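Data block below; observations after.
Residue numbers start from 1 in every chain, and the chains themselves are labelled A, B, ... in the order their sequence lines are given, proteins ahead of strands. From a predicted model like this one, the values you see are computed outputs, not experimental measurements. Keep in mind that the numbers below use all heavy atoms, side chains included, and drop hydrogens, waters and symmetry copies.
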Amino acid sequence: MQTSSLKEEIWQIVAAIPAGSVATYGQISHLAGYPTYARYVGTTLKKLPHDTRLPWHRVVNSKGQLSFPAKSQPWHQQKSRLEAEGIVFIGNGFSLKKFQWQT
DNA sequence: CAAGGGGCTGTCA
DNA sequence: TTGACAGCCCCTT
């Protein structure tokens, strides 16, 4: 079935990420069928409303780290949420290979 | 109507 | 191994 917009596709994929796991922008964009939309994924999540229920904090870059500058407010927030789900951080990042969402 | 930016990625040296 | 550059598409001003 067809969605109203590409961003809705992204929302559904992000919402499908299980707790305790994380996914990369490229992975999400690839699952959506557009491997080159990785950048649009981040930009779209950025524009999400403050009351969104999407687990945007489970989305990280391909380096297994947060896209925000370390020590930044959103950086700590995302880190805290991931840790609450069982993600173990090491320095500025974590073991992406162990926590990355496996389909 | 037109131009620029954005929570990125992959390849080359 | 790490550092740097260009390209992808949609949304906002």
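- To the nearest 0.5 Å, atoms CG (A:Leu54) and CG (A:Leu48) are separated by 5.5 Å.
- At a threshold of 4.0 angstrom between heavy atoms, the contacts of A:Val59 include nucleobase atoms, whether or not backbone atoms are also involved.
- To the nearest 0.5 angstrom, A:Arg39 atom CZ is 12.0 Å from A:Thr44 atom OG1.
- A:Lys7 comes within 4.0 angstrom of nothing in the nucleic acid, heavy atoms only.
- Atom NZ of A:Lys79 has more than 12 heavy atoms from other residues, nucleotides or ligands within 6.0 Å.
- A straight line from CD of A:Gln27 to P of B:dC8 spans 16 Å, rounded to a whole angstrom.
- Atom CG of A:Asn61 and atom P of B:dG7 are 13 Å apart (whole Å).
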- prompt: When Watson-Crick pairs (N1 to N3 and N6-O4 or O6-N4) and G-U wobble pairs (N1-O2 and O6-N3) count only below 3.5 Å on both distances, what is the dot-bracket string of DNA chain B, with | for other-strand pairs?
  reply: .|||||.||||||
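- What separates CD of A:Gln77 from P of B:dG7 is a distance of 15 Å, to the nearest Å.
- Per the geometry, NE2 belonging to A:His30 stands 15 Å off C1' belonging to B:dC8, to the nearest Å.
- In this structure, A:Lys46 places its NZ atom 10 Å from C1' of B:dG5, rounding to the nearest Å.
- Summarising the geometry, the separation between CD1 on A:Ile10 and C1' on B:dC8 is reported as 12 Å, rounded to the nearest angstrom.
- Residue A:Tyr37 is classed as a sugar-phosphate contact, given heavy-atom separations below 4.0 Å to backbone atoms only.
- Nucleotide C:dC10 holds its P atom 15 Å from the CH2 atom of A:Trp11, rounded to whole Å.
- One atom, CG of A:Leu96, and another, P of B:dC8, lie 15 Å apart when rounded to the nearest Å.
- Atom NE2 of A:His30 is separated from atom OG1 of A:Thr103 by 9.5 Å, given to the nearest 0.5 angstrom.
- Here A:Thr43 lies in heavy-atom contact (under 4.0 Å) with a base.
- Judged by distance alone with a 3.5 Å cut-off, no donor-acceptor contact links the side chain of A:Tyr40 to the base of B:dG6.
- Note that CD1 of A:Ile13 and OG of A:Ser29 are 8.5 Å apart. Values are rounded to the nearest 0.5 Å.
- Aromatic ring orientation, A:Tyr37 versus A:Tyr40: perpendicular (interplanar angle above 60°, classes split at 30° and 60°).
- Heavy atoms from other residues, nucleotides or ligands lying under 6.0 Å from CZ of A:Phe89 number more than 12.
- Side-chain to base pairing of A:Arg39 with B:dG7: no donor and acceptor N or O lie closer than 3.5 Å to each other.
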